[in-house]
Amino acid sequence: MSVSLPSASAAPARPLLLGKARRLLTSSPVPAAAEPGCRFCGATLRTTFVDLGTSPLCEDLVRPEHFNRAEPVYPLHARVCGQCWLVQVGDFVRPEDIFRDEYPYFSSFSTSWLQHARRYTDEVTARFGIGPAQRVVEVASNDGYLLQYFLEKGVPVLGIEPAGNVADAARARGIETISKFFGRKTARQVALSHGQADLLIGNNVLAHVPDINDFVGGLPILLKAGGVITMEFPHLLRLIEGRQFDTIYHEHFSYLSLYTVERIFAHHGLTVFDVQELPTHGGSLRIFARHAADASQPVGERVGELRRREIEAGVCTEAFYTGFAETVKQAKRELLQFLIEAKNAGQTVVGYGAPGKGNTLLNYCGIRTDFLDYTVDANPHKHGLYLPGTRIPIYPPERIRQTRPDFVLILPWNLSTEIRQQMADIHDWGGRFVVPIPKVTVLD
């Protein structure tokens, strides 16, 4: 097979940092720099966005036999670059330490996320004429939660997913999956062995890569001329407006605005031609990109309109970022006040979910079994384990019906509608749900 590959743009100079991510798809990390530098443009990082102290890695659930072992903790300090306005945390450990044989995150355990994936598939196949003659490739394809819907339509698909057990789950669905980290090297290998992609997808992965230049630099290599890239990622504006500090953790390296993503993509020869604002994960963006030289997809009005709104909000000013830390402290005080009052009244509080964001919330606020008796999760791979740092035990959801708590604190608050529907019978004994973000709210 003969494939013409575009040459990768040279990345801007930057201090190299050690890397790890929950869904990291990039090359092997390199030694840490003495002074933090922007992972995109290399400028020295001098401005704090928020400092959440130290915390263990949010996906490192604790096995019972390791309960009494000390855990490593790392600074969780988010800074903003004064040149490109990329908000970011530091890199600490290797990707190989995250992508073990028993990686616990499976996208398919959320029914609302599956519905989101099916709607996307229907929309994008109709809009871009994706059918059996085209190829769809997804980076960070997880357990095939999305590609299965393209497969149903007869579209050839390929997943790239480094976590072995998760990739095996995708293969069991009949989805060809390559277990590799994604970057320029993998992009060249896949383009030569499988051909380039007509549609190249990356959902909730852009924030998870420590070497964002290597990752984005691989996209034009794997994208066919005339092809389209779509990517989804949490929107920095929604994070700030919604006090979503719990979405900051070590496996989320970057926190992204459209303004900054456009700059990163443009540096690597890609143009963002459309953007959609989504409700997922507390407010996300879905961008559509193409080769810069491809004029077949003109830049739409939504791109300029959102860019204008971001600039008017202040994304290019230091003051926009420096006020966030105080709102986080207030959110912590509010949650602790609720828990203290509930426990002093003799009421029981348990959690629902064991997500990464929940571990940031609990560790930053110092919440352990003195406040939260236990948590539950629909993912059986997490049952019998303990949350990192807090050592809160994880049970199946049925535990809530057995113990009948007064309050259920929904840790994956972005899935609160789905969880409330699944556990609506807690009202039978007078139980109530609580969401911690953007403010503590008791739901009747």
Side-chain angles (χ1 to χ4, degrees), residues 22-23 58-59 104-125 138 140-153 159 161 166 169-170 173 175 201-208 230-235 238-239 242 244 246-247 249 251-252 276-287 350-361 375-383 394 396-398 400-401 408-427 432-438 441 443-444:
R22 178 173 61 83
R23 297 182 60 204
C58 72
E59 293 290 350
Y105 184 82
F106 289 76
S107 296
S108 293
F109 285 109
S110 169
T111 56
S112 61
W113 188 244
L114 291 177
Q115 292 167 359
H116 173 77
R118 185 183 286 278
R119 286 193 299 269
Y120 163 82
T121 304
D122 292 339
E123 175 186 327
V124 79
T125 51
E138 184 182 13
S141 53
N142 201 259
D143 59 2
Y145 75 100
L146 172 61
L147 291 181
Q148 63 181 334
Y149 299 120
F150 286 97
L151 203 61
E152 288 178 359
K153 294 177 181 290
E161 170 56 55
V166 179
R173 286 189 166 101
I175 297 166
I201 306 168
N203 287 345
N204 298 303
V205 61
L206 189 59
H208 294 270
T230 73
M231 292 215 150
E232 296 180 21
F233 50 85
H235 191 193
R238 303 287 85 78
L239 184 156
Q244 298 168 7
D246 57 339
T247 62
Y249 42 87
E251 290 86 343
H252 276 177
Q276 296 173 344
E277 296 178 78
L278 308 172
T280 53
H281 296 287
S284 297
L285 297 182
R286 176 188 291 155
I287 60 166
V350 306
Y352 191 106
K357 59 167 58 73
N359 290 319
T360 291
L361 178 81
T375 192
V376 302
D377 199 277
N379 183 349
H381 297 272
K382 298 182 180 183
H383 298 165
I394 308 169
E398 184 59 31
I400 290 177
R401 297 183 176 94
V408 176
L409 180 66
I410 300 178
L411 297 174
W413 43 261
N414 54 300
L415 301 177
S416 61
T417 299
E418 174 183 338
I419 291 167
R420 291 170 66 191
Q421 291 172 348
Q422 293 173 351
M423 301 294 299
D425 56 325
I426 75 166
H427 299 301
R432 290 183 288 176
F433 293 104
V434 182
V435 292
I437 301 292
T441 304
L443 305 172
D444 294 323

Check the pair T111 / Q422 against side-chain contact (heavy atoms from CB on, under 4.5 Å), numbers first and verdict last.
CA-CA 10 Å; T111 56; Q422 293 173 351; 4.1 Å; yes
I would like to know whether L443 and V435 meet side-chain contact (heavy atoms from CB on, under 4.5 Å); could you show each step before the answer?
CA-CA 8 Å; L443 305 172; V435 292; 4.0 Å; yes
Margin query: Between N414 and K357, is the side-chain contact (heavy atoms from CB on, under 4.5 Å) condition met? List the steps.
Written below: CA-CA 10 Å; N414 54 300; K357 59 167 58 73; 3.1 Å; yes
- [ ] Any chance you could lay out the side-chain contact (heavy atoms from CB on, under 4.5 Å) test for E418 and W113, step after step, and finish with the verdict?
- [x] CA-CA 10 Å; E418 174 183 338; W113 188 244; over 6 Å; no
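Between L239 and T247, the shortest heavy-atom distance links the atoms CD1-OG1, 3.3 Å. Here the shortest heavy-atom pairing between G144 and A170 reads N-CB, 3.7 Å. Counting all heavy atoms, side chain and backbone alike, G242 lies closest to P438 at O-CB, 3.1 Å.
Rounding to the nearest 0.5 angstrom, the gap separating the NZ atom in K382 from the CG atom in D377 is 4.5 Å. L285 contributes atom CG, which lies 4.5 Å from atom NE2 of H235 (distance to the nearest 0.5 angstrom). Atom CG of residue D246 and atom CG of residue L411 lie 8.5 Å apart, to the nearest 0.5 angstrom. Taken from OH in Y120 to OG1 in T230, the straight-line distance is 2.5 Å, to the nearest 0.5 Å. Put simply, CZ on R119 and CG on D122 are 10.0 Å apart, with the number rounded to the nearest 0.5 Å. In this structure, NE2 on H116 lies 13.5 Å from CZ on R118, to the nearest 0.5 angstrom.
For T441, the side chain to side chain donor-acceptor pair (under 3.5 Å) test picks out no residue, with sequence neighbours left out. Not counting sequence neighbours, Y149 has no partner by the side chain to side chain donor-acceptor pair (under 3.5 Å) test. Residues passing the side chain to side chain contact (heavy atoms under 4.5 Å, CB included) test with L151 are V157, I175, sequence neighbours excluded. With sequence neighbours excluded, no residue satisfies salt bridge (Lys or Arg N to Asp or Glu O under 4.0 Å) with R420. The side chain to side chain donor-acceptor pair (under 3.5 Å) test applied to N359 returns no partner, not counting sequence neighbours. Every residue two or more places apart in sequence or in another chain that forms a side chain to side chain donor-acceptor pair (under 3.5 Å) with S284 is listed here: T280.
Taking the six-membered ring where the residue is Trp, Y249 and H208 present tilted rings, their angle falling between 30° and 60°.
Residues Q276 and E123 bring a donor and an acceptor atom of their side chains to less than 3.5 Å of each other.
Using a 4.5 Å heavy-atom cutoff, the side chains of R238 and E277 are in contact.
Here the side chain of R173 pairs a donor or acceptor atom with the backbone of D143 at under 3.5 angstrom.
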